[in-house]
Amino acid sequence: MKSWFLRLNLFQRLLMYFSAIIISSLVVVSVTTYIKASHAIENQVTVYLEQIVNNVNFQMDGYLKNYELATLPLVTNEEIRKFVDQAQLTGFERYINFKEIKKEMNNKITDRPDIEQIYLMAETGRSIMAKETRAVMPIQGFYQDLQERTPNNGKILIYPRMNNNQFVITMARKIRGTKTYEPKGIIAVDLKASDLTRLWGKIKLDQDSFFMIVDDEGDIIFHPDNRYLGRKINQSIREQLASTTTNKFYEKWEEKEMFFHFNTSDYTGWKIVLAEPKATLFKPISVVRITVFISGIIALILALVLAQHFIRKIVQPIRMIESTMKNVEKGNWELAPEPEGNDEISRLVQNYNKMVNRLSSLVDQVYKAELENQKGQIMLQKRELEKQKVEFEALQYQINPHFLYNTLGTINSFAIIKEEEEISEMTESLANMFRYSLQNLEVVPIENELCHVRDFLIIQQHRWQKSIPLLIEIESHLLQAEIVKLSLQPLVENAIEHGFGTITDQSKITIRGEVDGDIIYLSVEDNGVGLNQSRLIELRDQLKNESFHPKSDQGIGLLNVSKRTKLLFGNNYGIEIFSECNKGTTVRMSVPYLPK
């Protein structure tokens, strides 16, 4: 996976990183928005349903209390109290008493159409019904049932029951006679349970949503579908209703998942339940989900288009530098077009153009010096010219376009995708190398040259994404001995570029220093692929004849170091090369040892 990613170019890498960041951000925002919106909608719907249930509860309690007050005059009616009294009335008095009570009951039914029937029952066994019916009703059994249920303190009893295949709500009170405070009878009123629907006619419910009223025993007192009247609800719903006075929960009703919200009447103790299909409840949430998804897709497309445009703005100057470097390789000193602005990329292009200008100027100086040498200048001028020429070659080799290209590509890649510490490390190392290369010195201490090698290896380490182990075996008293500037780093670079096909965990470079009389031998050894015999002989001939093949850059660094060493210290010093196939290569440089 990593090797596949490293084969991608800078544009592809940046596009992948931007895509990952944009997609992850959109996913987080979309999921968070959906969850928050879903909770808000669910809470809003719950509050709305709670208000409806509370309103229905309030209306029902008011409805029943109104009928309680409407029937209260019957409890205190003198004729009714005489009826339940055990005092003996004459036949005519009983007739008059019956007619008055019957008249009062009929008036109540006329005023209150919701009243189905009114009963007056005395403990003597006598009874009166407001409406005469053909069905035979066991009045005595009804009286005994009410006698057990109705409290003696005069409070009203409200309970649902079936009467002649019709579900009614019975409101009953015990009444006293004219001569004692002990209850002597019961007056009861049957209300039509089905007429409760008119209380909620203005409340708009979704399809398949409904109200129902359940008593404390789990019997359905009211349901818009008369088939359910008097039936018990299933056990799971009954347990939920019995657990508290108000709550909300999800349960199945007729194989359909429903959302139930209920409240308990303080007046009757009944449960007012509102049921709504779960699909209807979550319909707005589904709309939010679809909206968030479509918005996320549109935002992703726009973000990727803008990211692609932004990445091109970053990559284009780098590609221009790459193209310009190829022309420089061919000897055309072409400047890269400088982008607008003063950011890091703009300054990089500016610094590159400055280096190209300096190289071009140095070439002109060398060319002029060669012309003067051809006109017969003295040998000393020729020697100085040669020094200037090899210094130029060293500088040119130091900023080899291949090396600059790879370094700039690495820096710009890491500038986007890595942390500041790594970028700082690479930039500082590259700056140190340039600063060291431009010092106007011919010889430097070995210690300085080793620091330059370390800076070079830092950049190579990031370029290859591998650590390149460097082993230094030089005694401390030799570190101040002087050698030619920019002599060790080209040898190390030659070992990396040509000694190893690929940097592996087994790759290793060793710099060893030894003294033999008045000569210091500095060796750069690698454990790479080595050279075959014919190539080794060819390189030794190039070093001896101070020439190299124009189509191969393998011997340029070696020849440059060898020529500068001989110019400064004499022909007795220079470069030697030893190698074996698959065992590695050793390049040994000899310089005079002048102890300090």
Side-chain angles (χ1 to χ4, degrees), residues 56-84 97-122 126-147 149-151 154-176 183 185-201 211-213 215 219-224 226 229-230 265 267-270 272:
V56 170
N57 187 14
F58 176 78
Q59 290 181 355
M60 188 188 70
D61 287 352
Y63 173 80
L64 295 177
K65 287 179 181 179
N66 185 35
Y67 273 94
E68 178 186 359
L69 294 175
T71 58
L72 189 60
L74 296 176
V75 178
T76 59
N77 185 277
E78 189 67 24
E79 296 298 328
I80 291 176
R81 294 178 66 189
K82 289 179 181 179
F83 178 82
V84 299
N97 179 255
F98 176 83
K99 295 296 287 184
E100 289 295 328
I101 293 174
K102 198 70 163 164
K103 178 181 178 181
E104 187 68 22
M105 288 181 174
N106 289 330
N107 289 337
K108 288 296 180 184
I109 292 178
T110 301
D111 293 339
R112 302 285 180 167
D114 291 348
I115 297 177
E116 177 67 20
Q117 185 64 280
I118 300 177
Y119 306 90
L120 175 61
M121 295 166 285
R126 298 170 60 200
S127 64
I128 301 176
M129 290 193 298
K131 293 181 180 180
E132 298 297 335
T133 61
R134 294 182 180 180
V136 178
M137 178 181 178
I139 293 295
Q140 191 62 30
F142 182 43
Y143 173 75
Q144 292 297 331
D145 184 40
L146 291 180
Q147 182 72 16
R149 292 173 175 265
T150 308
K155 289 186 177 180
I156 193 168
L157 168 69
I158 303 175
Y159 81 106
R161 68 186 183 89
M162 294 296 296
N163 183 24
N164 296 328
N165 296 324
Q166 183 176 2
F167 206 72
V168 296
I169 298 173
T170 298
M171 305 176 67
R173 286 180 185 271
K174 289 184 177 180
I175 55 177
R176 300 178 178 86
I186 294 176
I187 186 165
V189 176
D190 283 345
L191 301 178
K192 299 175 184 178
S194 59
D195 287 346
L196 289 174
T197 53
R198 69 183 180 83
L199 292 176
W200 312 310
F211 276 111
M212 66 178 176
I213 301 175
D215 66 8
D219 295 324
I220 299 177
I221 301 173
F222 168 77
H223 194 283
N226 292 332
L229 293 178
S265 171
Y267 181 62
T268 61
W270 297 341
I272 293 84

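Here, residue 1 is the first one in the sequence, and each next residue gets the next number.
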Sidechain-backbone polar pair: [X] side chain, [Y] backbone, donor-acceptor under 3.5 Å:
{"X": "N66", "Y": "G62", "value": "no"}
{"X": "E79", "Y": "F98", "value": "no"}
{"X": "K102", "Y": "I128", "value": "no"}

For the side-chain contact (heavy atoms from CB on, under 4.5 Å) test, which of I118, I156, V168, I169 pairs with V189?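 So the option named by the test is I118.
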Can you spot which of D61, I158, I213 makes a side-chain contact (heavy atoms from CB on, under 4.5 Å) with S265? D61
Drop me the distance from [X]'s [atom1] to [Y]'s [atom2], to the nearest 0.5 angstrom.
{"X": "I115", "Y": "L191", "atom1": "CD1", "atom2": "CG", "result": "6.5 Å"}
{"X": "Q117", "Y": "T170", "atom1": "CD", "atom2": "OG1", "result": "10.5 Å"}
{"X": "K174", "Y": "T150", "atom1": "NZ", "atom2": "OG1", "result": "6.0 Å"}
{"X": "M171", "Y": "L64", "atom1": "CE", "atom2": "CG", "result": "5.5 Å"}
{"X": "L74", "Y": "K108", "atom1": "CG", "atom2": "NZ", "result": "5.5 Å"}
{"X": "E100", "Y": "E78", "atom1": "CD", "atom2": "CD", "result": "12.0 Å"}

Evaluate side-chain contact (heavy atoms from CB on, under 4.5 Å) for R173 paired with K155, printing each intermediate quantity in order. CA-CA 6 Å; R173 286 180 185 271; K155 289 186 177 180; 5.5 Å; no
Could you tell me if the side chain of [Y] sits less than 4.5 Å from the side chain of [X], heavy atoms only?
{"X": "L120", "Y": "V84", "value": "yes"}
{"X": "L157", "Y": "L146", "value": "yes"}
{"X": "R126", "Y": "M121", "value": "no"}
{"X": "N77", "Y": "M105", "value": "no"}
{"X": "K131", "Y": "I109", "value": "yes"}
{"X": "Y119", "Y": "D190", "value": "yes"}
{"X": "T268", "Y": "M60", "value": "yes"}

Show your reasoning for whether side-chain hydrogen bond (donor to acceptor under 3.5 Å, both in side chains) applies to Y267 and N57. CA-CA 10 Å; Y267 181 62; N57 187 14; over 6 Å; no
If every non-hydrogen atom of [X] is compared with every non-hydrogen atom of [Y], which pair is closest and at what distance?
{"X": "R81", "Y": "V75", "answer": "CG-O, 4.0 Å"}
{"X": "L69", "Y": "P73", "answer": "O-CD, 3.3 Å"}
{"X": "S127", "Y": "F83", "answer": "N-CZ, 3.7 Å"}

Under the side-chain contact (heavy atoms from CB on, under 4.5 Å) criterion, do I187 and I80 qualify, and how do the steps go? CA-CA 9 Å; I187 186 165; I80 291 176; 4.1 Å; yes
